[in-house]
Every structure is written in C-alpha cells, then in structure tokens.
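Below, each value reflects all heavy atoms present in this structure, side chains not excepted, and no hydrogens, waters or symmetry copies. Treat the numbers as computed from the prediction; the structure is a model and nothing was measured. To find a chain, count down the sequence lines: A is the first, B the second, and so on, and within it residues start at 1.
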Number of protein chains: 2
Amino acid sequence: MQMDRAEGERKDFWQLTGPTKGKRPTLKDVAAHVGVHFSTVSRALDPATAHRITDEVRARIQAAVAELNYRHNVAAATLRTHSSKTIGIIVPDITNSLFGPIIKGIDSISSEHGYVALIGDTDNNPEKEEKLISTFLARGIEGLIVASALREDEVVSAVAHDGTPIVTVNSHVDDDSVSSVSYNVRPSIGALVKHLAELGHRRIAFISGPSSWSTAEERLAAYRYWIDRVKAVVSDDLIVYSNEYREEEGARCAEELLRSGVPFTAVMAANDLLAFGALNVLQRHGLECPRDVSVTGFNDIPMAERWSPPLTTVKVDPLRAGKAAAEILFADIKLAPEERQPKHVLLPASMVVRHSTAAPSSGQLRGAPTNG
Amino acid sequence: MQMDRAEGERKDFWQLTGPTKGKRPTLKDVAAHVGVHFSTVSRALDPATAHRITDEVRARIQAAVAELNYRHNVAAATLRTHSSKTIGIIVPDITNSLFGPIIKGIDSISSEHGYVALIGDTDNNPEKEEKLISTFLARGIEGLIVASALREDEVVSAVAHDGTPIVTVNSHVDDDSVSSVSYNVRPSIGALVKHLAELGHRRIAFISGPSSWSTAEERLAAYRYWIDRVKAVVSDDLIVYSNEYREEEGARCAEELLRSGVPFTAVMAANDLLAFGALNVLQRHGLECPRDVSVTGFNDIPMAERWSPPLTTVKVDPLRAGKAAAEILFADIKLAPEERQPKHVLLPASMVVRHSTAAPSSGQLRGAPTNG
DNA sequence: ATGAAAGCGCTAACAT
DNA sequence: ATGTTAGCGCTTTCAT
C-alpha cells in the first residue's frame, strides 16, 4: 500500500478532522485509490498526455475520479503553468441592454476556447474600472475586454503596454496600440443627416455624450462632418452635451436646447436613451414628433422600435461586436507578446428609418424660449 | 546584498531570458529590492498583519511594490489558503433584460466583500449549466448563484450537498435545502386575476412556461388557485404551454389557443415576452387589445410600459433580488458548513395596471376557430 | 509506461 | 519586529 507520507499527519484548519476527511480529493487521493503515482493520474487526466497511459490504468483512474468526485484544482495548475484560462470583461453598466449581447458574444467565444470570464460593472466610474482591472490582473486573467474605456484611459493603456492582451469593445481609447472593435459610425450618421436633409431639415440639433467618450466624440464628429457636407446650419449653439447616456440626461439636454432659444426642427441624439429623454421633454412642451420635431437615436436597442413614435436610429450588432472582440483577444492570447499587433475592427452600422422623422412642418422653426 | 539563491539560475520557458526579466515580480523580488525577507513583505501587504511591520519598512515595501509594479498572485494565495475570493453567477440568457439588474445586484454586494464573480450563460441548456458549474468549481469558487435552475436540478442539488454555498435567484429548485430568492407570486397573480374578474372576464386563458421551471409552475398554480376562488371558468383547455419565455413562443401559444376554438376574453401570460408575442398574434387576427381581448404579463421589463398598448403586468425588482441572493450567499460563505441553514426569501411583486386590460366587449366570446 | 523530484508564489506557524 | 520553514496541488523534466 503506497499511502503517501504527507497524508494523514495533520488536520487542516479548514477541514473537520482526520486524514482526507471533509476535504476535496487531490491527485494524490485518486492515485492512492488506484495504486499509481500521482503524476500518472495527472497525465491520464490531461488530454494532451492521456495517450501515454495504458488504457487499463486510465480506465481505473477515471473510475476513481468519478468515485471520489475528484475535481481539478485550477489554482494549483495556474500557479504551475502561469495559465489561468480566464479572461476579464468590464462593462460600464450591465443594466444597459447594449451590454448583455456583448457579454453573450464574448462568452460564446471564450467557452469555445475553454476559458471562463470574470465580470465587472464599473457604474461608469473610472476609479471602479481601475480597481476592477487591478483585481482581475491579480487573478491572473490572460486577457481583458473593456467596454467602459474612456478616450484617455491610462489604466487600459498601461495594461496593454504591460503585455496583457486587451481589447476595447463598443468604444476605444485614443491610444491606438490598444485593439478595439466598434462601429463604422461615419456612414451611418451620414445616412441619418442626409435623410433629415432630404426631408427638408436645415437646423438639426445634436445631443452629444461626454467628449471624453470615444463613442460621443466620433458621433459628434460625424455629425459635424455631414452637417457641413449637406449644407445644413453649422452652429455650436445646436450642440448640447450630456453627462451620461441616460434618459434623464436626454431630457435635461432637450430642456437646455429649448431654453436657449435656438431654432431647430430636428434633434439627433448620440444614443437611443438620450433620444427617448429628449422626446419626452419635447412632447411635454407641446411639440409633437415627427410633426413638429424629428428625433433620431443610435444603437437601436429593443425599445426603439416600440417607442412612440418608433424611433429612427442606427442599428448596431452588439452580439457580433462581442464575438469579434473575443476573437481578437484569443488570437492575441495564443501569440507570443512580441508578435501581437493591435487590430481595429469597424463593424457595419446601418440607419433604420421609423416614425420619429418626417418633413418639418412648413417653414416653422422650433425653439423659441419657453421660460426663464 | 541578499539576493535570493533561487533567483537567476533558470530561464522559464515562458519568459524571454535572464533572471527576473520579462516576468511578473513576486514577493521575493520586492523583498530583495527592499532588503527584507519575503515573508515580511507578505505581512506588510496584508491589511490584517500590516500593523506588525515597522512604519519605515512598510513604507519602503510600498515604494518597491509601486516601483516594480508588483501584483498579488491570487492563484498562489488560493492554493495556500483555500480561499479564492470568487463566486460564480449562472444565468439562462444574459440578453434577457431581467438578468442585467440581477447581476448588477450580485456584483455590488460581492465587490463590497472583496469578491469577484465568474459569469456564465447557459442558453437555457441544462448541459451547459452542468459544464459551467463544473468549471467554476474547478476554479475554486466559494459560492454560486444560479438564475437558471430547473425545478429538478440535480447538479444544483449536488453542489449544495457537496458543501459549496449556493443560492438560486428568480427561480428555485424543488429540493428546499437549496436557498433561494424569488417573488411572492401568489398575491400578485391574485391581483391580476381579481382585476380581470372585476372587469367582467370569466374565461381567462393562461400561457404557461415549461412545467419544469419553477417560475412557470408557481405562476400557473397561482392562476389555478385564483381562477377557482374568483369563480371564473376552470378548464385545462384554457391553458397552453410554451417551451421558453420568448415572444415567438407566446405567438405560437396564442395561435394554438385561437385554433383550438375555446372561447376566452382575456389571456394571462407567464411573462411579458410571452404576452408580447401573444398580443401580436391576437392583433394579427383582428382582435384589438384591450377592446376585444385583455392581456397581462409578468416581470414588468422596461419595454412593457412602452408596448402598445402598455402592458398590465406584475412588477418585480431584479436588482434587489440579486442583492438579496448575494447577501444570503456571503452570510453562508462566512459560516462553517455545519451551521448553514437554507433560506428562502420571497420578494414582493405587485400588479401594475396599464392599458392592455379592460372590460370584455359585451358578452361576446373570442376564439372561434380561425383556420384548419 | 510510470515513478521521482522540483518548484510555481504564497501564507502562517514557529522560531528568534 | 522580522526571519525560517513547510507545504497548498499541480505540471513537467528527468530517470527508470
């Protein structure tokens, strides 16, 4: 009987008592049970080396594994191999319907690779992001996907330069050594602007996101580009900045627009939530959409088509974005650090016209001061 | 200079070359840098033991940590302490707007406890659930929250009996030794039934979920209970079973109901998605809601209030459910296995009446065969 | 085909 | 207050 000497001489503080009692079985336990050396068990259990073990021995090992309910201890393997088989996912707000599909996309790819994912929600707070990244790194994640990146995100850049594969999704940092997958916004915003212009709109307001967000910056830039192209009215007075992509902020911005007195016949919002909030305020002020104002959004979240009126917006495919990000990540994980190249994929985004846009009511401009 | 003997004698297969080059610094590295023993560094870095180290030494250690960019190796600590500081979360479909808030609730509590969470999506597939649980366990999770549990979920029961704290959320298993947090459905379904009955409905159909799901079973049971109480028509012909909580299934079930020819003036669906699908089909068949049929849902997902007509349903608080589940879990994690007691919390759920319910159009019953 | 042994990076009991 | 030491459970060379 080749019982291991290390066994049975101590009671662990966390286990009840006695040898191998109340404790998870280890390789040694199954080895003892089968009567082989524990390294043999290790080999038999690793698909890459299993062929080197006699069928008969392997069968007995598998039986013992089942009987003892043995489970691989990944922490120990990680310590030994420096491979944790886990990645990290960080989102700004998991409650936002945009991120569910992104996570699902990532999850589907990473489970194909035998990886699991740690999840973290930053609540749109850069400090939480930093803390999450730091704990994730301590856990030995082999790669990181960040959906909450700011344009200047030092932590994200630091991780990239530290050699941990990282890709931003649905956003990107200015530092283009960090891989990213986002959407091709210029043409889609262009479609929106041209659609509005063809309808006859010349004074098109824009509710932007915070300029520190890449999505906000690029959507605004695209707006500016196309407004000029289309010979509509270019004016900073038509642009107002929200602090977050939330309905409340959309409402606040719409109020601000109305209060400022700038005339406008349409408002483009940097995302759907902002558009919903704006729509509410506009309606509350007696402006009917699309008769009196046209409104557009971005993302085409499920609610957009159910809103009243159904929202003209830009459709995006977050599931696919999540998959694309994960694919880039795993390609990098498999590569030696020095052969990794930053990649930037731009997924298509396409306008979907619904009922929140129409020709402006003959010549009449909105936006006379309503109070103050 | 007290360089450690173990250092500098080998090149790791995974690092580029030379001693301490290209490799993450360890406690030994910072110890060498400061000129103390690595166990001193360990103590200085652990808040629980940091007070035993001289301020001056601790300061130098912290400086070295920053300079070398040292990071705690949780895998090593886990191996040593048997505490991974991670939990697992398993959801049936992260794309469903119900689960974002649940995850956020869990995440908020677990980060308070210094824990991080692994996430897994089962796609409503019990085999995937089993696989996920198994990989999570191998990763040494200290607790598990499952939102995808079936009523008879052997794997979930097995985990519970194996001693890993586990709680089901938004669902529960029949085995009541597994802690759960779900909603108090009986009164809320009661409110719906009474509301419909007061409106004058006597033939109320029910679109159920699969009977293997606890949510489906308890909502159907509540429906049966109250239908009888309220002296409405009790008949199995009024009940139809979906295979999943999806719009398509709601549509299919509504078709089935219409095709069967049973008269009904209202349909209660086991959840909002089912209700939406049913609503669409009913409308497509020329039935106007609420004039010709009343429809109700369950969950009050964000879209419910935007649907046309806005849906009468039952409001539930998934964020709170997530928090409650996590609180139970962490209480258990802190307890010795033998003092853990299963807990079952029922969160309030309340009817919200919107515009999909009204009095039935005078005496006329729906549901004459429409085809086949 | 299998056994022996070393060591991944850490914590904690035990010295001093 | 700090140093010494012994593993945690595993993978992987090196023997046999």
Set of salt bridge (charged side-chain N to carboxylate O under 4.0 Å, His left out) partners for B:Arg71, sequence neighbours left out: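 Listed in chain order: nothing, the list is empty.
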Which residues satisfy the salt bridge (charged side-chain N to carboxylate O under 4.0 Å, His left out) test with A:Arg60, sequence neighbours excluded?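 Checked A:Arg60 against salt bridge (charged side-chain N to carboxylate O under 4.0 Å, His left out); matches are A:Glu56.
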In whole Å, I'd like the distance from the [atom1] atom of [X] to the [atom2] atom of [N].
X	N	atom1	atom2	answer
A:His51	C:dT2	NE2	P	12 Å
B:Leu79	D:dG7	CG	P	14 Å
A:Leu45	C:dT2	CG	C1'	15 Å
B:Phe38	D:dT2	CZ	C1'	13 Å
A:Asp46	D:dT11	CG	C1'	9 Å
A:Lys23	D:dC8	NZ	P	6 Å
A:Arg80	C:dG9	CZ	P	10 Å
A:Leu27	C:dT2	CG	P	16 Å

Measuring from the side chain of [X] (C-beta onward, heavy atoms only), which nucleotide among [options] has the closest atom?
X	options	result
A:Ser39	D:dT2, C:dG3, C:dT11	C:dG3
B:Ala77	D:dT12, C:dT11, C:dG3	C:dT11
A:Thr40	C:dG3, D:dG9, D:dT12	C:dG3
A:Thr26	D:dG9, D:dT11, C:dG9	D:dG9
B:Arg43	D:dT2, C:dT2, D:dC10	D:dT2
A:Asn73	D:dT12, D:dT4, D:dG9	D:dG9

OP1, OP2 of [N] versus side-chain N and O of [X]: anything below 4.0 Å?
X	N	answer
B:Ser42	C:dC10	no
A:Thr81	D:dT11	no
A:His37	C:dA4	yes
A:His72	D:dT11	yes

Angle between the end axes of the helix from C:dA1-D:dT16 to C:dT16-D:dA1, five pairs per end, to the nearest 10 degrees?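 That helix gives 40° between its end axes.
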Proximity to DNA chain C (any heavy atom under 4.0 Å), residues of residues 52-66 of chain A only: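 Heavy-atom contacts with DNA chain C come from A:Arg52, A:Ile53, A:Thr54, A:Val57.
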Would you list the pairs meeting salt bridge (Lys or Arg N to Asp or Glu O under 4.0 Å) in which at least one residue belongs to residues 164-176 of chain A, sequence neighbours left out?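 Every salt bridge (Lys or Arg N to Asp or Glu O under 4.0 Å) pair that includes a residue of residues 164-176 of chain A, provided the two are not neighbours, is A:Arg151-A:Asp174.
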Sequence neighbours excluded, which residues qualify as side-chain hydrogen bond (donor to acceptor under 3.5 Å, both in side chains) partners of [X]?
X	answer
B:Asp121	A:Lys104
B:Asp55	B:Arg58
A:Asp46	none
A:Thr40	none

Counting only heavy atoms not in A:Lys343 (residues, nucleotides, ligands), do more than 12 fall under 6.0 Å from its NZ?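 Atom NZ in A:Lys343 is crowded, with more than 12 foreign heavy atoms closer than 6.0 Å.
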With a cut-off of 6.0 Å (strictly less than), are more than 12 heavy atoms of other residues, nucleotides or ligands near CD of B:Glu339?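 It does: B:Glu339 CD has more than 12 such atoms within range.
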When you measure from the side chain of B:Asp332 to the backbone of B:Leu329, do you find a donor-acceptor pair of N or O atoms at a distance under 3.5 Å?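 Checked: no pair found.
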